Amino acid sequence: MAAKIAYDEVEVGTELSARSFPVTRATLVRYAGASGDFNPIHWNERFAVEVGLPDVIAHGMFTMAEAARVVTDWLGDPGAVVEYGVRFTKPVVVPNDDKGAVIEVSGKVAALLDDKRVRVDLTATSAGQKVLGMSRAVVQLS
């Protein structure tokens with residue numbers, strides 16, 4: 001499979017479709033089971049508060065993965081992601097209710113690179129706070 005986006009079809013400033021990703025406590029439990037990360041800050045409210053957090057928080061790698069979905073959905077091929085990195089700036093706080101939290105992610109092409117590659121910069125927020133900084137992917141286009 002190859003990226004469905006052609007290098008000649010994009011320019012700096014091309015926007016990717018923004019996405020909203022709901023996160024509930026059940027989501028975190030499923031992610032903990034899949035990842036093997038059972039740190040109690042991700043499922044035990046009492047423990048999270050005792051260590052100074054406002055409540056249970058989403059796994060950083062979960063938040064990072066959800067943000068990457070904006071890029072892979074745009075590409076049509078997850079294998080076209082050549083590099084991806086973020087800085088974790090704020091936690092995604094997930095209350096124990098029927099709504100949970102929402103991670104809002106948008107992206108745009110920030111640079112055209114050699115060899116039909118582009119850099120995509122992402123913005124990820126939750127509850128009005130930026131949760132990922134320096135969130136960037138380098139992708140191989142067709």
Side-chain angles (χ1 to χ4, degrees), residues 1-7 9-113 115-142:
M1 208 172 164
K4 296 178 182 178
I5 307 296
Y7 183 82
E9 295 174 0
V10 299
E11 57 188 36
V12 171
T14 298
E15 292 189 17
L16 285 60
S17 296
R19 297 268 317 265
S20 296
F21 301 99
V23 187
T24 64
R25 296 281 178 95
T27 307
L28 300 182
V29 170
R30 285 192 298 274
Y31 182 81
S35 69
D37 182 353
F38 294 100
N39 186 324
I41 64 173
H42 304 303
W43 57 269
N44 184 317
E45 185 174 337
R46 181 179 51 84
F47 183 84
V49 171
E50 284 177 0
V51 298
L53 296 168
D55 205 334
V56 165
I57 62 170
H59 303 72
M61 295 303 283
F62 172 82
T63 304
M64 185 178 177
E66 292 291 72
R69 288 175 60 189
V70 168
V71 177
T72 59
D73 287 353
W74 176 65
L75 290 169
D77 177 13
V81 177
V82 177
E83 296 175 28
Y84 179 50
V86 306
R87 288 194 180 140
F88 300 107
T89 57
K90 298 273 185 194
V92 175
V93 178
V94 183
N96 190 18
D97 59 19
D98 294 334
K99 296 178 185 175
V102 177
I103 303 167
E104 304 282 351
V105 184
S106 61
K108 68 179 176 179
V109 173
L112 302 176
L113 308 172
D115 299 323
K116 295 187 178 182
R117 292 181 176 189
V118 300
R119 189 186 86 218
V120 175
D121 289 356
L122 298 167
T123 300
T125 62
S126 183
Q129 302 250 332
K130 191 172 184 180
V131 295
L132 297 177
M134 299 294 289
S135 184
R136 295 179 172 169
V138 173
V139 300
Q140 181 70 57
L141 301 183
S142 58

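Being a predicted model, the structure only gives us computed values, none of them experimental.
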Original post:
Hey, are the side chains of V10 and W74 touching, using non-hydrogen atoms and a 4.5 Å cut-off?
Top reply: yes
Subject >> Y84 side, atom OH; T72 side, atom OG1 - distance, nearest 0.5 Å >> reply: 9.5 Å
Original post:
What distance do L132 atom CG and T63 atom OG1 have between them, rounded to the nearest 0.5 Å?
Top reply: 6.5 Å
**OP:** Taking only Lys NZ, Arg NE, NH1 and NH2, and the carboxylate oxygens of Asp or Glu, determine whether E45 and R25 approach each other closer than 4.0 Å.
**Re:** yes
Original post:
Which atom pair, heavy atoms only, marks the closest approach of L16 to K108?
Top reply: CD1-CA, 3.9 Å
Original post:
Side chain of Y7, backbone of L112: donor and acceptor closer than 3.5 Å?
Top reply: no
**OP:** Measure the CZ-NZ distance between R87 and K130 for me, rounded to the nearest 0.5 Å.
**Re:** 10.5 Å
Original post:
So, for V49 and P54, which heavy atoms are closest and what is the spacing to 0.1 Å?
Top reply: CG2-O, 4.0 Å
Original post:
What distance do R69 atom CZ and L122 atom CG have between them, rounded to the nearest 0.5 Å?
Top reply: 13.0 Å
Subject >> N/O donor-acceptor pair under 3.5 Å between E66 side chain and P22 backbone >> reply: no
Original post:
Angle class for the F62/Y31 ring planes (parallel below 30°, perpendicular above 60°, tilted otherwise)?
Top reply: perpendicular
Subject >> Shortest non-hydrogen contact between N44 and F47, atoms and distance >> reply: OD1-N, 2.9 Å
Original post:
Which atom names give the shortest non-hydrogen contact between S126 and A101, and what distance separates them?
Top reply: OG-CB, 4.1 Å
Subject >> Side-chain heavy-atom pair L75, L141 within 4.5 angstrom cut-off >> reply: yes
Original post:
Any idea which heavy atoms bring F38 and A32 closest together, and the distance?
Top reply: CZ-O, 3.5 Å
**OP:** First locate atom OG1 of T24, then atom CZ of R30, and finally report the distance between them rounded to the nearest 0.5 Å.
**Re:** 5.5 Å
**OP:** Applying side-chain contact (heavy atoms from CB on, under 4.5 Å), run through M61 and F88 and close with a yes or a no.
**Re:** CA-CA 9 Å; M61 295 303 283; F88 300 107; 4.3 Å; yes
Original post:
Would V109 and R119 count as a side-chain contact (heavy atoms from CB on, under 4.5 Å) if you check the C-alpha gap in whole Å, the side-chain angles of each, and the deciding distance to 0.1 Å?
Top reply: CA-CA 6 Å; V109 173; R119 189 186 86 218; over 6 Å; no
**OP:** Give the minimum heavy-atom separation between R117 and V82, together with the two atoms involved.
**Re:** NH1-CG1, 3.4 Å
**OP:** Enter the distance from I5:CD1 to D77:CG here, rounded to the nearest 0.5 Å.
**Re:** 11.0 Å
